[in-house]
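Below is one structure, written out as structure tokens, with a few remarks after it.
Small disclaimer: the values here were computed from a predicted structure and weren't measured. Every chain is numbered from 1 and lettered A, B, ... according to where its sequence line falls, protein lines coming before strand lines.
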There are 2 protein chains.
Amino acid sequence: MGAKIKDVAALAGVSVATVSRVLSNGPVSAALRQQVEAAVQQLGYSPNLSARRLRSQHSQTVGLIVSDIRNPFFTAVSRAVEDVAYQAGMRVILCNADENPDKEAMYLRLMQEERVCGVIFSPTTVSARRFRPERFDFPVVMIDRAGPAGATDAVVLDNRQAAAQLTEHLLANGYRRIGGLFGNSGATGAERAAGYRDAMTAHGQKSDVRFVVPGSEAADHLVRQWLCEPARPQALLASNGLLLLGALQAVRASGLAIPDDIGLAGFDNDVWTGLVGEGLTVIEQPVYDIGAMAMDMLLSRLRSPTLANRLLVLHGTLLARGSTRPATHQVRIESSAAP
Amino acid sequence: MGAKIKDVAALAGVSVATVSRVLSNGPVSAALRQQVEAAVQQLGYSPNLSARRLRSQHSQTVGLIVSDIRNPFFTAVSRAVEDVAYQAGMRVILCNADENPDKEAMYLRLMQEERVCGVIFSPTTVSARRFRPERFDFPVVMIDRAGPAGATDAVVLDNRQAAAQLTEHLLANGYRRIGGLFGNSGATGAERAAGYRDAMTAHGQKSDVRFVVPGSEAADHLVRQWLCEPARPQALLASNGLLLLGALQAVRASGLAIPDDIGLAGFDNDVWTGLVGEGLTVIEQPVYDIGAMAMDMLLSRLRSPTLANRLLVLHGTLLARGSTRPATHQVRIESSAAP
DNA sequence: TTTTATATTGAAAACGTTTCCAAAACCAAT
DNA sequence: ATTGGTTTTGGAAACGTTTTCAATATAAAA
């Protein structure tokens, strides 16, 4: 266990330099290589990564800072990042910042101390705005939410377009008074709100945007009250899977029927959205691809550090399901709209 | 950026030792402390963790090796582990072994190289059986699935009892031909299968146990075929959230009605289980506590390395919901049982 | 004052690797 | 044999910290 490279060298009857070369597939004669490998085996030698990193000045490690690991979007992304990183011989340190700018700053500092060679980061609006790439020694790829325009590489969804498309879908299905529920911590929420507004005003409808802490509990709470207001919404659009979940719970509690009393749609094709009732209408994001491409982009950046910063925009796809398909829309909805 | 401790020392006009002491809150006069802090600030100095760890021989890091990060059980556990670790001033390296013994071995080796001070591990049966604690320099706490009896600390659910209880519940609600669907990679599956068998034989029923790769796709596939067999099950019990999901999808596809045509129950109170139909009956595990207690146990073990190994057994709670509450059980089920 | 104890400080030796550089060994060609 | 060129090898100097140890400064006691 406590064996060092020196012990291996002694046992194999060679210099430490030779052992080091064996371990890193350097040029060593077959005979010596074998001796060294035997010695390694016999002593149960395990190299010390700290020493190795210190000397070689290379960590072979990237950081991944996500905003909420409970969100299936991020677990999918992190799997993808790991897969690609692993193939490139890199390790991943996964950090969960909990939508908390302080934690984000803390983790960025930690990444700096770890001397990682790059970071993939989904920042809150606060962190995104005040992010200064020059303060870090490593390149950063933003995901989900981009930072200051062009400041770093980024891969994002066309949130505005997607939200507009989803809103259009609700409008096309006869819903008029549509409420928009958005996360208040990331840029994503704001962009999706903008897309929602685009579509609403384009159709002459008044928009009703509400921002909330991005978690199902908060969404549930807010929607419960919302549904008690005199002019309660005929449909709800939620800006991510967690919010959609909260909204669904609130609607269930209210006793309103989906989709006839109220329509429900949102982002993220989380596994449960296809299972409740006749299914929830959602914008599906290419979750795995987002992670894989972000890691690809980071690797490419490490190869050519001087390249201009790139923004990669992906598109979501609308999955129209039962939650926005009222049997008799005009009728029921209009009647409930004008009591 | 590229500033070392030496540069800070030079700028502050002190020795590197003093700087080091400032950084680790050692005994330093207020005046010098201030000078040093100013210098740190001015140079944007950031300590090198590799060097620090190498010299201090302490990594302040624990490893967490989970078998499937897509499983909400493990995301919940990992949050808990992180919370507790963080409060104790430790970092967590999260590794996803994908139910793959090779990956598990690889990650254990990596942990050894990282010189982590401890590991929390949910092994596959294969790894659990062949796990040799003496081959590692760090203590291990097994979760979800224990290793060779008493070989390490462990925190687990009373799987056998819980599965038996769940089976009893199905029997009590009139179901007789109950199929059991279990994961084939972990000890958890086997234990739960045993509990299921206990209850079935206690009630004079024939048990029908099937093991499957623990993922929703495989479960879906298997259950689809299962439901086509001549004597199709009247109820299904799934040994974790992923399998339960697959089973549900298959049942949906078959057109059978829950709970009247077929009952459905399983483990893990994943968020969606409360939302589909009248809800799915599940055994809820104290997921957060499992993680928190595992980390606690690891910290305690680090404090007292010679203590005897402990096995901490927690209990699940049955959440009886609509999926096992047939309106007219005797009738419908008997009729479909004897065509 | 002088002495003794205590709190701060700095010089230098680790920590376990990799890598530079020069020496040694080999091989082929003269 | 001698030369010239490859490969292989080993010695020793890094890498950036922490920590030991002795030295100095400060405070308390005599």
Side-chain angles (χ1 to χ4, degrees), chain A residues 1-37 39-40 43-61 89 91 109-117 137, chain B residues 1-37 39-40 43-61 89 91 109-117 137:
Chain A
M1 295 300 166
K4 337 264 173 222
I5 201 174
K6 207 199 309 189
D7 306 320
V8 176
L11 180 58
V14 301
S15 73
V16 292
T18 301
V19 176
S20 174
R21 279 188 278 255
V22 168
L23 295 173
S24 53
N25 282 314
V28 166
S29 69
L32 286 196
R33 161 158 277 132
Q34 201 154 350
Q35 288 177 45
V36 170
E37 275 163 356
V40 166
L43 293 176
Y45 167 74
S46 165
N48 181 318
L49 272 182
S50 294
R52 183 175 274 189
R53 289 203 265 252
L54 172 59
R55 172 58 228 218
S56 68
Q57 301 287 73
H58 200 325
S59 64
Q60 303 279 54
T61 301
R91 252 175 300 291
R109 212 174 319 126
L110 177 62
M111 294 302 100
Q112 176 76 38
E113 295 180 0
E114 289 272 10
R115 300 294 190 267
V116 297
C117 32
D137 291 334
Chain B
M1 297 297 164
K4 336 267 172 221
I5 201 174
K6 207 199 311 190
D7 305 321
V8 176
L11 180 58
V14 301
S15 72
V16 292
T18 301
V19 177
S20 174
R21 279 188 276 256
V22 169
L23 296 174
S24 52
N25 282 314
V28 165
S29 68
L32 287 197
R33 160 159 277 131
Q34 199 154 352
Q35 287 177 49
V36 170
E37 275 162 355
V40 165
L43 294 176
Y45 166 75
S46 163
N48 181 319
L49 271 184
S50 295
R52 181 174 277 189
R53 288 203 266 251
L54 172 60
R55 171 60 229 219
S56 68
Q57 301 287 75
H58 202 322
S59 63
Q60 302 280 54
T61 301
R91 253 174 298 290
R109 213 174 319 127
L110 177 63
M111 293 304 99
Q112 177 75 38
E113 295 181 358
E114 289 272 10
R115 299 295 189 269
V116 296
C117 32
D137 291 333

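Each end of the helix from C:dT1-D:dA30 to C:dT30-D:dA1 gets its own axis, taken as the rotation carrying the C1' atoms of four end pairs onto the next four within a five-pair window, and the two axes meet at 40° to the nearest 10 degrees.
Considering only heavy atoms from C-beta on, A:Arg115 comes within 4.5 Å of B:Asn48 through its side chain. Using a 4.5 Å heavy-atom cutoff, the side chains of A:Tyr45 and A:Leu23 are in contact. Between A:Leu110 and A:Glu114 there is a side-chain heavy-atom pair separated by less than 4.5 Å.
Residue pairs that meet the side-chain hydrogen bond (donor to acceptor under 3.5 Å, both in side chains) test with at least one member in residues 23-35 of chain A, sequence neighbours left out, do not exist here.
At distances below 3.5 Å, at least one donor-acceptor pair connects side-chain atoms of A:Ser56 with backbone N or O atoms of A:Arg52. Listed for the B:Gln112 side chain is no donor-acceptor partner under 3.5 Å among the backbone atoms of A:Ser46. A:Ser20 places no side-chain N or O within donor-acceptor distance of the main-chain N or O of A:Val16, the cut-off being under 3.5 Å. No donor-acceptor pair under 3.5 Å is formed between the side chain of B:Thr61 and the backbone N or O of B:Arg91.
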Report summary line: Readout for nucleotides 11-18 of chain C: B = base within 4.0 Å of protein heavy atom, S = sugar-phosphate only, - = neither; 5' to 3' it is B-BBBBBB

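The shortest distance between the side-chain N/O atoms of B:Ser29 and the OP1/OP2 oxygens of C:dT8 is not below 4.0 Å.
Nucleic acid contact class of A:Leu49 (heavy atoms, under 4.0 Å, all strands): none.
Taking atom CG of A:Leu32 as the reference point, atom P of C:dC26 lies 11 Å away to the nearest angstrom.
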